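Notes follow the structure.
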Amino acid sequence: MKAIVHEQIVGIEGLTVKEMEEPRLGEKEVKVKVHTAGLNRRDLAVITKRHQPEDPALIPGSDAAGTVMEVGDKVSRFQIGDEVVVNPGLGWKKNSSAPPEGFEIVGLPDHGTFAQFYTSDENHFEAKPSHLSFEEAGVLSLAALTAYRALFTRGNLQKDQTVMLPGIGSGVLTFALKYAKAIGARVIVTSRSEDKLQQALALGADRAIHTEDGWNEALHDESIDLLIESIGKATFDKSLNIIRKGGTIVTFGATTEDQIQIDIRKFFYGQYNLLGSTMGSAEELREMLQFIEKHNIKPQLDRVYSLDEYKNAFEYLRDTKNFGKIGISFKLD
């Protein structure tokens, strides 16, 4: 089977498309013919920071949608021809305060979804939402689940509250924008790109300001209940200064430096809440799928690249040019 493989060289230059052995099928496993695989910032982190030149060749990728081609003898949840999406989380079944020991994400340390076929335990797939195309479903799970847990499980966002999304444009934050508007919350976004601000407003954002602006001056008439922080050092102080006293920051990533400093006295006097979040459980994934079907929510699909354009896809994501999700098509016939 054809697959995008990373080996020998750190970063995008270490990626090639090559023939790999098709995965063998276990008795409780399902083999899926991949239609579209979704590209995430995690994939960039895997090939630039985590998968080393001395490691065995790796097929990255955590997201995909496709059709069941083969099932093991003891599979009960799916049959040949079913349309499915991959659950990118391994070993996290029930919603809990943190992932259990041994939790992993598809695409490292084992092979991931950037291939013509992907095989895993039947419990690591879910039925493709009927209102989504294969392209939309293929880019869904990791970002949509991350947004769902950050916004609702951890952030406990309620109708009529105000949530702020600095750095709008990522897959996770475009989902968060759509989720928040679906329940009737107020949404404020920031970006360095005027085009992304305008796109966010078109999707329903209530206010949009430039990330470099003075947030307190620009939003002096707002009360921020919840802020979803994914940028890190470059914006964290501004994030902490903008939320109301007693408000909450949920952080799930850091596209700039990881290390930050907090004025701890100001923090405890302000009664602020700082919560971490990472992806989510299989239970939350199923809740999220029901939520998006109920509200007819679709991924903000920026573009889908063909397999031979894989390097362009990685570079596009690396340069943060996307507004929403990026897919890679594995439909070769």
Side-chain angles (χ1 to χ4, degrees), residues 1-25 29-70 83-88 90 104-120 124-125 128 133-143 170-171 299 301-322 324-333:
M1 66 176 184
K2 290 186 181 297
I4 299 173
V5 178
H6 186 255
E7 57 185 338
Q8 299 181 349
I9 303 172
V10 171
I12 295 174
E13 293 306 310
L15 293 171
T16 56
V17 173
K18 61 187 296 186
E19 289 290 334
M20 296 287 282
E21 183 178 354
E22 286 189 25
R24 296 181 179 180
L25 188 70
E29 291 186 329
V30 171
K31 180 188 284 189
V32 170
K33 184 177 183 180
V34 174
H35 185 296
T36 304
L39 189 58
N40 295 284
R41 296 207 74 87
R42 180 182 188 272
D43 303 314
L44 279 174
V46 165
I47 66 171
T48 58
K49 298 178 181 178
R50 299 185 59 188
H51 187 245
Q52 300 301 310
E54 63 271 17
D55 295 335
L58 175 76
I59 301 172
S62 304
D63 274 334
T67 304
V68 174
M69 299 297 294
E70 193 175 351
E83 298 176 350
V84 297
V85 296
V86 173
N87 175 359
L90 303 174
E104 297 285 357
I105 298 176
V106 171
L108 188 81
D110 297 327
H111 287 318
T113 59
F114 290 169
Q116 287 181 279
F117 299 98
Y118 176 71
T119 298
S120 189
H124 293 144
F125 298 94
K128 180 179 78 66
S133 67
F134 272 118
E135 288 81 7
E136 292 164 337
V139 304
L140 176 72
S141 297
L142 190 146
S170 71
L301 186 59
D302 186 302
R303 61 185 62 192
V304 176
Y305 289 87
S306 63
L307 180 56
D308 60 1
E309 297 174 314
Y310 68 96
K311 283 192 176 181
N312 293 336
F314 272 85
E315 289 168 354
Y316 189 73
L317 181 62
R318 178 198 63 195
D319 297 338
T320 321
K321 293 181 178 179
N322 58 302
K325 293 295 301 177
I326 301 166
I328 299 176
S329 175
F330 282 86
K331 191 175 181 182
L332 305 180
D333 49 24

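Just so it is clear, the values below take in all heavy atoms, side chains as well, and ignore hydrogens, waters and symmetry mates. Here, residue 1 is the first one in the sequence, and each next residue gets the next number. Note that the structure is a prediction, hence the values are computed from the model and not measured.
With sequence neighbours excluded, no residue forms a salt bridge (Lys or Arg N to Asp or Glu O under 4.0 Å) with Glu54. In this structure Asn322 satisfies the side chain to side chain contact (heavy atoms under 4.5 Å, CB included) test together with Asp302, Tyr316, Leu317, Ile326, sequence neighbours excluded. Under the salt bridge (Lys or Arg N to Asp or Glu O under 4.0 Å) criterion, Glu29 pairs with no residue, sequence neighbours left out. In this structure, the side-chain hydrogen bond (donor to acceptor under 3.5 Å, both in side chains) partners of Asp308, at least two apart in sequence or on a different chain, are Ser306. For Thr320, the side chain to side chain contact (heavy atoms under 4.5 Å, CB included) partners two or more places apart in sequence, or in a different chain, are Arg41, Lys196. Partners of Glu104 under the salt bridge (Lys or Arg N to Asp or Glu O under 4.0 Å) rule, at least two apart in sequence or in another chain, do not exist in this structure. Looking at residues two or more places apart in sequence or on another chain, you find a salt bridge (Lys or Arg N to Asp or Glu O under 4.0 Å) between Glu7 and Lys18. In this view, Gln8 satisfies the side chain to side chain contact (heavy atoms under 4.5 Å, CB included) rule with no residue, not counting sequence neighbours. For Phe134, the ring pair (Phe, Tyr, Trp, His ring centres under 6.0 Å) test picks out His35, with sequence neighbours left out.
A side-chain donor-acceptor contact under 3.5 Å links Ser141 to the backbone of Val86. Using a distance-only test at 3.5 Å, with no hydrogens or angles considered, no donor-acceptor pair links the side chain of Lys325 to the main chain of Glu136. Proximity of a side-chain donor or acceptor of Ser62 to a complementary backbone N or O of Val106 within less than 3.5 Å is detected.
Interatomic distance, CD1 of Ile4 versus CG of Leu15, reported as 7.0 Å (0.5 Å rounding). Atoms CG and CG, on Leu44 and Leu39 in that order, are 6.5 Å from each other to the nearest 0.5 Å. One distance of note links CZ of Phe330 with CZ of Phe114; it measures 6.5 Å at 0.5 Å rounding.
Every pair passing salt bridge (Lys or Arg N to Asp or Glu O under 4.0 Å) that includes a residue from residues 310-321 is listed here, sequence neighbours excluded: Glu13-Lys311. Among residue pairs with one or both ends in residues 56-70, those qualifying as salt bridge (Lys or Arg N to Asp or Glu O under 4.0 Å) are Lys31-Glu70; sequence neighbours excluded. Residue pairs meeting the side-chain hydrogen bond (donor to acceptor under 3.5 Å, both in side chains) criterion with at least one partner in residues 108-117, sequence neighbours excluded, are absent.
In this structure, Pro109 and Leu58 approach most closely via the heavy-atom pair O-CD1, 3.8 Å. Across every non-hydrogen atom of Ala3 and Ala115, the tightest pair is CB-CB, 3.6 Å. Residues Phe117 and Glu22 come closest through the heavy atom pair CE1-OE2, 3.6 Å.
Under the 4.5 Å side-chain criterion, counting only non-hydrogen atoms from C-beta, Ser120 is in contact with Phe125. When side chains are defined from C-beta on, Lys331 does not count as touching Thr36, because their heavy atoms never get closer than 4.5 Å. Looking only at side-chain heavy atoms (C-beta outward), Thr119 and Arg24 stay at 4.5 Å or farther from each other. Looking at heavy atoms from C-beta onward, Val139 lies in side-chain contact with Leu301 at the 4.5 angstrom threshold. Annotation: side chain of Arg42 is in contact with side chain of Val46 (closest heavy-atom distance under 4.5 Å). With contacts defined as side-chain heavy-atom distances shorter than 4.5 Å, the pair Val17/Tyr310 qualifies. Put simply, the side chain of Val32 reaches to within 4.5 Å of the side chain of Val84, judged on heavy atoms.
Under the side-chain contact (heavy atoms from CB on, under 4.5 Å) test applied with His6, the options Ile47, Ile12, Asp43, Leu108 reduce to a single match, Ile47.
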